[in-house]
Every structure is written in structure tokens, then in C-alpha cells.
Amino acid sequence: MMPIHPFEDSNGDTLHEECGVFGAIGAPDASTVTALGLHALQHRGQEAAGICSFDGAEFYSRRGLGHVAENFSTQEALAELPGTMAAGHVRYSTTGGSGLRNVQPLYAELAAGGFAVAHNGNFSNAQTLRDELVAKGAIFHSTSDTEVIIHLVATSRYPTTIDRLIDALRLVEGAYALIVLTPEGMIACRDPLGIRPLQMGKLGDSTVFASETVAFDVIGAEFVRQVQPGEIVRVDFDGNIDSLHPFGNRKARPCIFEHVYFSRPDSIFDGRSVYAARKAIGEQLAIESPVDADLVVPVPDSGVPAAIGYAQQSGVPFELGIIRSHYVGRTFIQPSDSARHSGVKRKHNANRHLVEGKRIVLIDDSIVRGTTSLKIVEMMREAGAKEVHFRVASPPTAHSCFYGVDTPERSKLLAARMEIEPMREFIKADSLAFVSIDGLYRAVGGATRDGKCPQFCDACFTGDYPTSLTDLEKRTSQEAQLSFPVHKVA
């Protein structure tokens, strides 16, 4: 889920987490199970959390800003959410998109009864649809693109809720993993390309859904399978499961950055261990871009598995040359450059005893704006590192994402403005190298990239967007019209 305005820039120097969703039906303590599942998905969104439940007669909702533990750690809070069905959401938003009104799951009373929805992803035509709905009299209560789904379902002329939802989803473009609560049961669905992840599991007699398999580990559930791209799964209160494929069969293009950064290392994504994939990326990086060095040092925590792979492949010792503090605020929420730069040093500190006088290979998952990479390189040099070689476990991030990952606008991306050598000079490293796009594909999927029909969504690296970008195209067209010169009459 993203705010309705996907073009607003943010202050951070990282590809920010998306959102996480979790659902349980047929569980006596569905809200408790959901809260535990959300704890495991906290890394996907740390601004806000919400849970909606249904007890067979009434819907209940509790939403709040902050972490899951701040909102759902007491019996009193969970007692407000009775019932055997619940859905939850952890959220991250861009600047201007925060606030309680945007915290999910969103709930509305429709003609057919209550309707709650939790959404991970982003509709790339949300603004266009919203404008059309408002012109017809719709009243929006949030700035979230998720609310568009509620209005489309509400105004559909089909008789049943499932048909109304399918009708609504035919109108949206982009990426989504949805968990929907209705008086008839739970609906879980994934966009036709499978860009956003969604998994299904079993906990005793109950059915559970989550963005990542790690949530099943935490609650003791059994992983059954992933929800297929374009699949809609219905589960009623008797435990009956129905699978629909109303959007035809298209070649899946799941987000490759789930392997690089977003998913927890102990999750399984697209049939492969995320940890194993990240180690393989590091191994591939060592094959493609070796360097004479004394130590391989990860930028914690996301660079650790790739650094282990790099060290094992290269034979250069792995060491924790940077120590991360887990008790400081996240640097990307700082409101200014100066605050963000000081946040880098509060979050990471050089292990001077290890790095002094050494030739260091720094491993990170990505470079976005480059300011954090610059500060980390400077930190290594201040700690006495003799050489600092930067290696990145993904190709250059040269394009913005419009599918639920909060990236800066393209003009702020370092790789969109510079070639490799100017980037190296900018971050002040002795050398800089990225894993190749084919190397990344081999590491996470076993085959090189199919240029005619890529196996993953890799638009942030290649600019090859798998869907239309209606809102962006409209905005670009409007800006072009405004840029026409004004001819003065003499």
C-alpha cells in the first residue's frame, strides 16, 4: 500500500520497505495470531499497524501509529478484536502519506455488509481512478490508493462481493497482495504478475495468509504454498477453500528486490531461501568483481548474507568491521540532511580495532542517493582503513519503483545521474562495482535474464516496467504541455 501520490520524494537514502499483510480465518484467537504474524513482518513497515476482526456478527478495528508491540502487546488491546477471522497490516508510507486515516486495514460498510481490506503494493493508475470516482460523487476519507478498491467494489453492478471485487481489480493496474474480510469469509488475492508476494499456510484447522513465510514460523503454522499470480483464494467459516483465476494466465514477474533486501533472510520467496539467494549474490559479486583486500565487511544488517558469500567465494576473511546499534531511530525518517547524516553515525560505528590499516571490501545491498554510502566510506577511512572498496549486491538502481516500494524520484537516484566512475568519486571509494543484472538473475533464479520476457520485475534496475503507468504518463504529459514556450508578440 502506498499513498495516492506516488511521485512525492522522501528524505531517505534507501529503498524503503513496502508493507506487510497477514490474515487468519477459523482461529479461535484470530486477532492474537494476527498480531504475532505482524511482529514477524515488522521489517516491512514500521510507521503504523492495524488489525480488523469479525466475530460472525460485527467487525472490530484497532489501528495505531508505531510498531506492532506499541499497539497490540496487551490482552486488553486484543480483547477489543474478538472473532475467528482477522486481518492485519504493517505500514510504511512516503512523506505526506502518514497519519491515522491511512492506517490499514481500511473498513467500510457496503450494501452487502462490512468490507475490510489490507493491501501491500501500489496501483499505478490510482490517481486517475480516484479522479473519476470523485467526479461521480465518491467521498474519500484517506489519501491511500487502497481506498480506491473499496469505492470500486461499492459501485460495481455485480451481485456478489467476489464478483464486485474481481470487477474492481480488472480496473486497476500495478501491484497488489490483498487480504479482504467480508461477512462470508476471507478473500486473498495477488496481482496477475505476482509482483507482490503472498503466502498461504495452515495453523491447525485455520487458514492463514502472510506476505512472508517467516510469519508462519513465528506462529507455528505450516507453509502450504504461495498464492499464485492472478489467483483469488476464498475461505469460508467452515474451512472450505476455493481458488479462482479470473485474469487469465500471464508469465509471472515477482519483485526481484525481495531477494535482495525486502524479505527477511529466514523467509522463502518464490520457492527459494532468501538467505541462500543473498549469499549466492555475494558469491557472484566476488566472481565478477574481485579485489585484493584483507577483510570483507558488511554494511549491517542487509549486507551480511551477501558479504558472507563474497568472503567464502573470494577467500578474503569476513569480519564485522561495522557494528550497528539497534536502538536508534531509522535514518530515513529524519527530516533533514544534517539529521540524517548524524543518524548514520548513531546507527553504524566502525570497529576500529579490526579495520585500522586494512584494505576493506564493503558489501551493501544497494546504493540509492549515495549519501549514506559516502558517510560509511568516510567512517572507514576515519577509523584508519588503508583502502575502501565498495561492492553492491544489486545492479545500479537507476529507476523509480511504482509498485509499492518507496523510492526517490528518478532525478534523486545516484545511478540515474552518474556512470560508475563518477559514482565512485562521489562516495570516495577506492573502487566501486555492482553485481550485473545477469549475475543477479543467476544467483536468485539459476538462469540469465530473458530480455524478451524477464523472469522478475527488475524495473528499478532496467526501467522495464511490466505494466502501464497511467498516472506517471498523465503527469508527464501535463508537464510537457506546461513546458511549451510562450511566444511574445512584438
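Since the structure is predicted, the reported quantities are computational estimates derived from the model, not experimental observations.
Using cut-offs of 30° and 60° on the angle between ring planes, the pair Phe257 and Phe461 is tilted. Between Phe456 and His259, the angle of the ring planes goes over 60°, which puts this pair in the perpendicular group of the 30/60° scheme.
For the pair Pro290/Ser314, no side-chain contact is recorded, criterion being any heavy-atom separation below 4.5 Å from C-beta on. The shortest distance between side-chain heavy atoms of Leu432 and Val392 falls below 4.5 Å. Contact annotation: the side chain of Phe72 approaches that of Leu81 to within less than 4.5 Å [non-hydrogen atoms, C-beta and beyond]. With a 4.5 Å cut-off on side-chain heavy atoms, Ile308 and Tyr275 count as touching. The shortest distance between side-chain heavy atoms of Pro197 and Phe262 does not fall below 4.5 Å. Side-chain contact between Val296 and Arg391 is absent, with no heavy-atom pair separated by less than 4.5 Å. Within the 4.5 Å cutoff, side-chain heavy atoms of Gln312 are placed close to those of Lys279. Gln42 is listed as a side-chain neighbour of His67, based on a closest heavy-atom distance under 4.5 Å.
Lys428 and Arg381 make their closest contact through O-NH2, 2.9 Å (heavy atoms, listed as atom of the first residue, atom of the second, distance). Closest approach of Gly404 and Cys401 over heavy atoms only: N-SG, 4.2 Å.
Using modelled atom types and a 3.5 Å distance limit, the side chains of Glu409 and Ser400 yield no donor-acceptor pair. With no hydrogens or angles considered, no side-chain donor-acceptor pair links Gln199 and Ser211 at under 3.5 Å. At a cut-off of 3.5 Å, with distance as the only test, a side-chain donor of Thr467 or Tyr403 sits close to an acceptor on the other residue.
Separating the OG1 atom in Thr213 from the CZ atom in Arg264 is a distance of 9.5 Å, to the nearest 0.5 Å. With rounding to the nearest 0.5 angstrom, the CE atom of Met200 is 10.5 Å from the CD atom of Gln226. Distance check, rounded to the nearest 0.5 Å: CZ of Arg278 to OG of Ser273 gives 9.0 Å. To the nearest 0.5 angstrom, Thr397 atom OG1 is 7.5 Å from Phe434 atom CZ. How far CG of Leu106 is from OG of Ser144: 5.5 Å, rounded to the nearest 0.5 Å.
Phe402 and Tyr465 have their aromatic ring centers within a separation under 6.0 angstrom.
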